[in-house]
There are 2 protein chains.
Amino acid sequence: MDWVSHAQAELRGAGYRPGAAARLVLEHLDREDCCRGAQEIFDALSTGGTKVGLASVYRMLERLDERGLVQRIDLGDGIVRYEAARDAGHHHHLVCGACGKVEPFADRRLERAIEAVEERSGYSVVAHDVVLRGACANCRD
Amino acid sequence: MDWVSHAQAELRGAGYRPGAAARLVLEHLDREDCCRGAQEIFDALSTGGTKVGLASVYRMLERLDERGLVQRIDLGDGIVRYEAARDAGHHHHLVCGACGKVEPFADRRLERAIEAVEERSGYSVVAHDVVLRGACANCRD
DNA sequence: TGGTCGACGATAACGATTCTCGTTATCGTC
DNA sequence: GACGATAACGAGAATCGTTATCGTCGACCA
């Protein structure tokens, strides 16, 4: 089952009734390969000719986040980004402070270290974020 | 040399002329053991009877962050927090989504894993943040 | 001591996000 | 297939953390 259908089913199971706006947001997230902000999604859908309210985009993202269907990413620039959460694609982000570029990275050893901390913490951890900031290969020197 | 004097000297060296407001903010940060938001610092200083403008608090935090004198912490709730950066005290945060409690933790293995990623990344990494979200021992059940 | 220039504080402006509310779509039921 | 309850939707206002502006005050240098 593809992610869009899975997310819709999940929402329905939670008592929601996803409609046209929900579908458009889900399909957009499914199409994108990296994290996107609410305004960015709104602009893309608007430019694409489809008509979705900004409030609906925020509503969807909030609900998807609550259910763990998207990963919420805060790079510290005041814009919260989201991306479709598929188990296979768990990763974190490198941010270039000079040009603003965002790149994903994944590391098994880092994940294991985090899991070990989670176990020792006494918390029931549901999510973890790692952001590395610096200058990318082009901007450093 | 204590952190307040060190920070003041650093600012002076950068061409700034720290005055009364700067000193009050620095002393407050030095006194606090965990991360604080700008409004929170402003309120604390106001309640304490001292008079500092909110803009001055933001100005100070920005300058301190630029120079690496404070660690900027974004827990994803729309409030940016800061804490005095002392080499000895490098740590990350556990956030309880239910009661809002924030606890620091430190882990050598996690740091080593992050350093390894930094080296392989091609980036010149200047900072890294790790935030674990979940339910604390009291709120889980 | 006077002059220059940045620090300071009050307040307006800004922008991402959230709220409100009237309208429209969905879904179980008949 | 129509009905009614209720949630989704879109537009715009409101919220709130943060940033910019500006006149005044204080720190430092000659």
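Keep in mind that this is a model prediction, so the values were computed, not measured. First the proteins, then the strands, lettered A, B, ... as listed; each starts at 1. Hydrogens, waters and symmetry mates are skipped; everything else that's a heavy atom, side chains included, is used.
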Between [atom2] of [N] and [atom1] of [X], the distance in whole Å:
X: B:Asp43; N: D:dT18; atom1: CG; atom2: C1'; result: 15 Å
X: B:Arg72; N: D:dT18; atom1: CZ; atom2: C1'; result: 10 Å
X: A:Arg63; N: C:dT17; atom1: CZ; atom2: P; result: 17 Å
X: B:Asp74; N: D:dT18; atom1: CG; atom2: C1'; result: 13 Å
X: B:Leu11; N: C:dG6; atom1: CG; atom2: P; result: 15 Å
X: A:Asp77; N: D:dG17; atom1: CG; atom2: P; result: 18 Å
X: A:Ile79; N: D:dT18; atom1: CD1; atom2: P; result: 15 Å
X: A:Tyr82; N: C:dA16; atom1: OH; atom2: P; result: 14 Å

Checking [X] now: which residues fulfil side-chain hydrogen bond (donor to acceptor under 3.5 Å, both in side chains) with it, not counting sequence neighbours?
X: B:Asp65; value: none
X: A:Arg63; value: none
X: B:Arg17; value: none
X: A:Arg109; value: none

B:Glu10 side-chain N/O to B:Ala7 backbone N/O, donor-acceptor pair under 3.5 Å
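Not confirmed, B:Glu10 side chain does not pair with B:Ala7 backbone.
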Distance-only, no hydrogens or angles: does the A:Arg140 side chain make a donor-acceptor pair with backbone N or O of B:Val125 under 3.5 Å?
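Checked: no pair found.
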Distance below 4.0 Å between A:Tyr58 side-chain N/O and C:dT18 OP1 or OP2:
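So the side chain of A:Tyr58 is outside the cut-off, no N or O lying under 4.0 Å from OP1 or OP2 of C:dT18.
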Output the rest of the hydrophobic cluster of B:Leu64: all Ile, Leu, Val, Met, Phe, Trp and Tyr residues reachable through side-chain heavy-atom contacts under 4.5 Å, sorted by chain and number.
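Besides B:Leu64, the cluster holds B:Trp3, B:Val4, B:Leu11, B:Tyr16, B:Leu24, B:Val25, B:Leu26, B:Leu29, B:Ile41, B:Phe42, B:Leu45, B:Val52, B:Leu54, B:Val57, B:Tyr58, B:Met60, B:Leu61, B:Leu69, B:Val70, B:Val80, B:Tyr82.
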Under the side chain to side chain contact (heavy atoms under 4.5 Å, CB included) rule, collect the residues that match up with B:Ala98, sequence neighbours excluded.
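Listed in chain order: B:Cys96, B:Cys139.
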Same apolar cluster: B:Leu110 and A:Leu132, side chain cutoff 4.5 Å
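As far as the 4.5 Å side-chain criterion goes, A:Leu132 and B:Leu110 are connected within one cluster.
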Honestly curious: do B:Leu75 and A:Ile73 fall in one hydrophobic cluster under the side-chain, below-4.5 Å linking rule?
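Result: no, two separate clusters.
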For residues 121-135 of chain A, which residue pairs pass the side chain to side chain donor-acceptor pair (under 3.5 Å) check, not counting sequence neighbours?
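Counting only pairs at least two positions apart or across chains, the side chain to side chain donor-acceptor pair (under 3.5 Å) contacts touching residues 121-135 of chain A are A:His90-A:His128, A:His92-A:His128, A:Glu111-A:His128, A:Glu118-A:His128, A:Tyr123-B:Glu103, A:Asp129-B:Arg133, A:Arg133-B:Asp129.
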Residue pairs involving residues 44-54 of chain A (criterion side chain to side chain donor-acceptor pair (under 3.5 Å); sequence neighbours excluded):
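Every candidate side chain to side chain donor-acceptor pair (under 3.5 Å) pair involving residues 44-54 of chain A fails, so no pair, neighbours aside, qualifies.
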Do nucleotides 24-30 of chain C as a string where each nucleotide becomes B, S or -: B if the base has a protein heavy atom under 4.0 Å, S if just the sugar-phosphate does, - if no protein is that close.
--BS---
Given Watson-Crick and G-U pairs under 3.5 Å, DNA chain C in dot-bracket ([ ] crossing, | other strand) is ||||||||||||||||||||||||||||||
Can you pull out the residues from residues 23-41 of chain A that lie within a 4.0 Å heavy-atom distance of DNA chain D?
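The stretch gives none, as no residue of it lies under 4.0 Å from the strand.
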Identify each atom pair where a protein N or O and an N or O of nucleotides 9-15 of chain C are less than 3.5 Å apart, giving names and distance.
unit_1	atom_1	unit_2	atom_2	d
C:dG9	OP1	B:Lys51	O	2.8
C:dG9	OP2	B:Gly53	N	3.0
C:dG9	OP2	B:Ser56	OG	2.9
C:dG9	N7	B:Arg59	NH2	2.8
C:dG9	O6	B:Arg59	NH1	3.3

Between B:Arg86 and B:Asp30 (salt bridge meaning N to carboxylate O under 4.0 Å), is one present in this structure?
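Result for this pair is yes, salt bridge flagged.
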Between B:Arg120 and A:Asp107 (salt bridge meaning N to carboxylate O under 4.0 Å), is one present in this structure?
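Judged by the 4.0 Å cut-off on N to carboxylate O distance, B:Arg120 and A:Asp107 do form a salt bridge.
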